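This structure is a prediction, so every number in the text was calculated from the model and none was measured. Basis for what follows: all heavy atoms, side chains included, without hydrogens, waters or symmetry-related copies.
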Amino acid sequence: MRYFLEIAYKGTAYHGWQKQANAPSVQQTLEDCLSRILREDTSVTGAGRTDTGVHASYYVAHFDSEGLRAGNPAEKEAFVYHLNAVLPHDIAVRTMTAVGAEAHARFDAVLREYKYHVISHKDPFRKDTAWYFRGRPDVEAMNRAAAKLPEYDDFTTFCKLHSDNKTNICNVSYARWEELPGGELVFTIRSDRFLRNMVRSLTGTMMDVGRGKITVSDFESALAAKDLRLAGPTAPAAGLFLSDVRYPENIFRRNK
């Protein structure tokens, strides 16, 4: 039987989602805890890679188990409770759902959403979850830059050097900055897929637009050039959250 897990995690202590040879990862931690509970070696497949220090307010992963008996809501709730009891405090499983045998947390995902958080005042409780940026950037100019993103599909300029991508094509469907009460800025971007470092690179470059270091025209020229040398500074990992993953409804519907 295959199960989808809806998960949240704080990525500060981990070298990303994906297993590493000599560094802690969210995937390895979850696999170790599932194997302990199920008393069988259990591998986990995630919706995608998140980098070192990046968080997920919403993430989806799947695993297979023949021995698990969780056919009714009470049994599923009990299993999730016991799994959370052995997981560290910075990883939480929200729900578990039985899905079709061919359902795939990564390959069946049709949309992913990231949010990047920028705060304008020092906050000791947000050190690991937001970028403390002094000054007031021009949000209107940043949104003019963000509006250009759905017009392009090749994001080579904003891809990490030497990434092993088969393609740098991403179909961005939404990109916008919002200013919350109190001055916090949140950048939201949705696409079918993302490249390594892409959102942080875009964020840092748009912040350069906001503080007048480059123009919206410069930003668009960098997009069109497909030249990573034209990207601005990379925003810190702390402010970035994977915030949504969506699937065709016949495969999986979000619960939390």
Side-chain angles (χ1 to χ4, degrees), residues 11 15-18 20 46-56 106-107 109-118 130-179 185-245:
H15 286 245
W17 160 264
Q18 192 167 329
Q20 309 288 323
R49 176 187 296 173
T50 57
D51 293 334
T52 299
V54 174
H55 320 291
R106 179 184 174 191
F107 296 139
V110 295
L111 179 143
R112 295 166 175 87
E113 176 188 88
Y114 278 91
K115 291 183 181 290
Y116 195 97
H117 298 258
V118 181
W131 179 11
Y132 168 39
F133 181 89
R134 291 184 61 197
R136 301 301 304 165
D138 184 342
V139 178
E140 183 179 343
M142 290 156 62
N143 268 326
R144 291 200 301 272
K148 301 295 182 182
L149 297 178
E151 299 176 12
Y152 292 83
D153 60 8
D154 190 320
F155 287 87
T156 299
T157 299
F158 300 99
C159 176
K160 188 177 180 66
L161 185 66
H162 302 311
S163 294
D164 56 353
N165 304 312
K166 294 181 179 178
T167 175
N168 290 337
I169 301 299
C170 304
N171 297 302
V172 174
S173 56
Y174 181 90
R176 183 161 182 82
W177 287 88
E178 179 183 8
E179 185 168 7
L185 301 179
V186 180
F187 173 56
T188 302
I189 183 169
R190 301 176 190 135
S191 180
D192 59 339
R193 63 190 293 268
F194 289 92
L195 309 175
R196 289 189 65 188
N197 210 52
M198 175 177 160
V199 180
R200 291 168 59 200
S201 182
L202 285 169
T203 299
T205 307
M206 282 186 285
M207 289 292 283
D208 271 0
V209 173
R211 55 185 168 176
K213 295 190 69 173
I214 63 173
T215 66
V216 175
S217 179
D218 292 334
F219 178 79
E220 185 170 15
S221 295
L223 264 172
K226 305 173 190 176
D227 184 348
L228 59 84
R229 292 174 297 180
L230 299 179
T234 299
L240 185 58
F241 289 74
L242 178 63
S243 51
D244 201 3
V245 185

Do the non-hydrogen side-chain atoms of Tyr116 and Ser243 ever get within less than 4.5 Å of each other?
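No; the side chains remain at least 4.5 Å from each other.
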Taking the side chain as every heavy atom from C-beta outward, state whether Phe158 and Leu223 have any pair of such atoms under 4.5 Å apart.
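When only atoms from C-beta onward are counted, Leu223 and Phe158 do touch, with a gap below 4.5 Å.
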How about NZ on Lys115, more than 12 heavy atoms from neighbouring residues, nucleotides or ligands closer than 6.0 Å, or not?
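Result for NZ/Lys115: enclosed.
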Spell out, as yes or no, whether a donor-acceptor pair under 3.5 Å connects the side chain of [X] to the backbone of [Y].
X: Asp153; Y: Ile169; result: no
X: Thr50; Y: Gly16; result: no
X: His55; Y: Gly11; result: yes
X: Arg112; Y: Val245; result: no
X: Arg190; Y: Asp244; result: no

Closest contact, heavy atoms only, [X] versus [Y]:
X: Pro137; Y: Met142; value: CB-SD, 3.7 Å
X: Thr157; Y: Asp227; value: OG1-N, 2.9 Å
X: Cys159; Y: Leu228; value: O-CD2, 3.9 Å
X: Phe219; Y: Ala145; value: CE2-O, 3.3 Å
X: Ala141; Y: Val216; value: O-CG2, 3.6 Å
X: Leu230; Y: Ala225; value: CD1-CB, 3.4 Å

First locate atom [atom1] of [X], then atom [atom2] of [Y], and finally report the distance between them rounded to the nearest 0.5 Å.
X: Asp208; Y: Ile214; atom1: CG; atom2: CD1; result: 5.5 Å
X: Leu195; Y: Lys160; atom1: CG; atom2: NZ; result: 12.5 Å
X: Asn143; Y: Glu179; atom1: CG; atom2: CD; result: 10.5 Å
X: Cys170; Y: Asp192; atom1: SG; atom2: CG; result: 6.5 Å
X: His15; Y: Gln20; atom1: NE2; atom2: CD; result: 7.5 Å
X: Tyr174; Y: Glu113; atom1: OH; atom2: CD; result: 8.5 Å

List the steps, then state whether side chain to side chain contact (heavy atoms under 4.5 Å, CB included) holds for Trp177 with Val118.
CA-CA 10 Å; Trp177 287 88; Val118 181; 4.1 Å; yes
Go through it in stages, so that I can follow the logic: the residues are Thr167 and Arg193, the test is side chain to side chain contact (heavy atoms under 4.5 Å, CB included), and I'd like the CA-CA distance, side-chain angles, deciding distance and then a yes or no.
CA-CA 11 Å; Thr167 175; Arg193 63 190 293 268; 3.7 Å; yes
Would you check if there is a donor-acceptor pair between the side chains of Asp218 and Thr215 at a distance under 3.5 Å?
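Short answer, yes.
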Can you tell me which residue pairs pass the ring-ring contact (aromatic ring centres under 6.0 Å, His included) test with a partner in residues 188-218, sequence neighbours excluded?
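Counting only pairs at least two positions apart or across chains, the ring-ring contact (aromatic ring centres under 6.0 Å, His included) contacts touching residues 188-218 are Tyr114-Phe194.
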Trace of the side chain to side chain contact (heavy atoms under 4.5 Å, CB included) decision for Leu149 with Phe155:
CA-CA 9 Å; Leu149 297 178; Phe155 287 87; 3.9 Å; yes
